Amino acid sequence: MVEESIKSGKLKARLPRGLADRGPAEIAATRNLVERIRSVFERYGFEALETPAIEYSDALGKFLPDQDRPNEGVFSFKDDDEQWLSLRYDLTAPLARHVAENYRNLVLPYRSYRCGYVFRNEKPGPGRFRQFMQFDADTVGSASMAADAEMCMLAADTMEALGIPRGSYIVRVNNRKVLDGLLETVGLTGPEKEAQRLAVLRAMDKYDRLGLAGVRQLLGDGRKDESGDFTRGAGLPEADIRTITSIFEPVRDVDDRIAQIDLRLRESKVGQEGREEIATVSRLVRAAGYDSDRILIDPSVVRGLEYYTGPVYEVELTFEINDDKGRPVRFGSVGGGGRYDGLVARFTGQPVPATGFSIGVSRLAAALAHLGKIETGDARGPVVVTVFDRGRLADYQRMVQSLRGAGIRAELYLGNPKNIGNQLKYADRRKSPCVVIQGDDERARGEVTIKDLALGAELAGGAQERADYLKLQDEAQIAVKEAELVQAVRAVLERHGRR
RNA sequence: GCAGCUGUAGCUCAGUUGGUUAGAGCGCCUGACUGUGGAUCAGGAGGUCGGUGGUUCGAGUCCACCCAGCUGUACCA
């Protein structure tokens with residue numbers, strides 16, 4: 001690369017893949033999204049917390065001690081004292097670090113939220129980036145299922161606050177203890193079965209995408225996808241496959257679902273604990289008015305394989321979206337979370353129960369943009385004061401300052417002011433509401449011309465001849481005394497509605 | 001990582017069975033038309049055809065390898 005740039009004499013401007021620049025429209029949309037999420041989270045009583053983007057790799061739990069380096073999925077580098085540092089890949093591990101470090105000073109249960117970019121060094125895809133924004137809420141120091149129930153309700157409320165109608169999203173809830181009970185029931189216990197257990201959980205997690213048939217293949221010998229690639233299965237015997245997939249069988253309602261789990265996991269102590277927890281969460285959310293059209297018990301939810309210990313939840317958008325070529329796009333999960341009772345204990349040695357929920361802001365923003373729930377672009381630009389006579393820059397800049405002083409976004413034309421046409425073209429592209437012009441004629445009368453660009457475009461729309469066009473343009477502008485500049489500009493802005 | 005597909009101008013794409021100087025539309029720049037966005041008209045810039053080798057008298061076109069992108073899949077805290 002360096003060689004290449006020497007050869008050609010210039011550097012190729014390029015963005016690393018999986019990363020994106022953001023323009024004004026996207027920034028505004030994200031800010032708007034974040035503010036709405038924040039207002040819901042604050043209404044639930046969570047308080048703000050910010051932690052840095054960089055942590056010690058071991059604090060993130062992604063250090064591979066046997067290889068003396070961090071996991072490849074995280075961006076890592078060495079500090080000058082040879083200690084490994086990493087960019088955070090979620091907001092939960094840093095929170096656990098913060099809580100452990102400040103345990104004595106925090107009011108428990110500690111309820112906090114945070115928002116920020118996280119980084120993952122993995123293959124990007126549609127709606128998947130190597131830097132993306134998450135918005136998290138966590139309750140640390142409470143083992144109560146009420147804390148988990150609340151996370152589910154928070155998720156549902158947040159979706160609706162973002163304008164996603166009920167029925168277009170679903171919060172699906174499961175419990176890791178139920179899954180553990182299921183594994184126990186088919187005899188997958190003990191350390192030597194670890195790999196198989198993971199394979200089973202991964203297979204179950206794909207139920208929504210691959211359906212029953214796909215999951216059965218992955219639990220058994222394996223599955224070949226449409227590109228011809230083969231995925232090895234968990235290698236379970238048919239009887240065990242049937243036992244596991246029986247948990248997916250459709251049921252009429254929540255009570256049946258819980259009864260079904262009870263029946264399947266009759267022999268498993270941990271499974272029964274899980275059933276108990278699910279039933280409690282379910283009872284709490286229902287009492288608060290959240291029915292299964294919003295919060296649904298779904299035994300196929302798995303989430304991460306690393307640290308969840310109890311309830312797990314996932315928010316999914318359920319409407320179909322097409323991309324710009326008309327093909328359907330699946331956005332999948334836009335948020336999720338669960339209980340992680342062991343995470344803080346890694347630092348303190350004392351078990352600290354905790355549960356949290358995380359929203360993928362970037363993915364959600366992409367989905368909402370497709371839905372048309374986010375205004376993209378069309379933000380008004382500033383008022384442009386044109387330079388008619390380049391010897392009088394000081395006068396024009398004074399006009400700009402008087403507009404700015406009145407709280408109006410305004411700027412002096414800073415390009416080459418060789419003619420007025422270019423300056424109007426510039427203002428047009430900036431989506432300026434109006435321009436200010438003062439040539440010799442106006443100057444002699446102590447006036448300025450204010451041209452309403454939107455009105456001009458509207459009036460001149462049908463003109464064919466140049467002469468007609470110019471005449472119509474003339475009607476879109478007014479001359480006012482210099483002293484009335486601010487007032488007249490404000491009148492134009494009000495005519496078009498301020499933004 | 002694995003598999004399939006695709007790489008030609010800023011963008012979207014043509015480019016014949018291998019044949020002279022690689023094109024179009026849009027966009028961009030300059031100018032004309034009164035001191036005014038648009039339209040119109042007249043000009044213009046911009047490409048090592050992803051890269052490197054090979055086959056051939058001759059390669060955008062065929063072959064090999066590499067790189068990048070897309071899609072699926074695996075992994076995913």
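Since the model is a prediction, treat every value here as computed from it, not as a measurement. Residue numbers start from 1 in every chain, and the chains themselves are labelled A, B, ... in the order their sequence lines are given, proteins ahead of strands.
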Give the B/S/- string for nucleotides 31-42 of chain B, one per nucleotide from 5' to 3', where a protein heavy atom under 4.0 Å of the base yields B, of only the sugar-phosphate yields S, and otherwise -. --BBBBBBB---

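- The shortest distance between the side-chain N/O atoms of A/Arg232 and the OP1/OP2 oxygens of B/C2 is not below 4.0 Å.
- One can place CZ of A/Phe75 at 18 Å from P of B/C76, the figure rounded to the nearest angstrom.
- A/Asn174 is linked by a side chain to side chain donor-acceptor pair (under 3.5 Å) to nothing, counting only residues two or more places apart in sequence or in another chain.
- Nucleic acid contact for A/Arg128: base, since at least one base atom lies under 4.0 Å from a heavy atom of the residue.
- One can place CZ of A/Phe119 at 17 Å from C1' of B/C76, the figure rounded to the nearest angstrom.
- Residues A/Phe119 and A/Tyr89 place their aromatic rings such that the two centres sit no closer than 6.0 Å.
- The shortest distance between the side-chain N/O atoms of A/Arg303 and the OP1/OP2 oxygens of B/C76 is not below 4.0 Å.
- Across all strands, A/Arg120 comes closer than 4.0 Å to base atoms (heavy-atom distances).
- Using a 5.5 Å limit on the distance between ring centres and a 30° limit on the angle between planes, the aromatic ring of A/Tyr307 does not count as stacked on the six-membered base ring of B/A77.
- B/C57 is paired with B/G19 under the criterion used here, namely a Watson-Crick or G-U wobble arrangement in which both key atom distances are under 3.5 Å.
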For A/Met204 and A/Ile244, run side chain to side chain contact (heavy atoms under 4.5 Å, CB included): C-alpha distance rounded to whole Å, both residues' side-chain angles, the deciding distance at 0.1 Å, then the answer. CA-CA 9 Å; A/Met204 293 180 71; A/Ile244 287 170; 3.9 Å; yes

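- Close to B/A74, at under 4.0 Å from its OP1 or OP2, lies a side-chain N or O of A/Arg209.
- B/G69 atom P lies 10 Å from atom NZ of A/Lys123, rounded to whole Å.
- The listed nucleotides are B/C76, B/C29, B/A74; the one nearest the side chain of A/Glu122 is B/C76.
- Distance A/Arg88 CZ to B/C76 P: 23 Å, rounded to the nearest Å.
- Between the CG atom of A/Leu87 and the P atom of B/A77 there is a distance of 18 Å, given to the nearest Å.
- Judged purely by distance below 3.5 Å, without hydrogens or angles, the side chains of A/Gln438 and A/Arg392 pair a donor atom with an acceptor atom.
- Geometric assessment of A/Arg176 against the ring of A/Tyr308 yields a negative cation-pi assignment under the 6.0 Å and 45° thresholds.
- Rounded to a whole Å, the CD atom of A/Glu314 is 14 Å from the C1' atom of B/A77.
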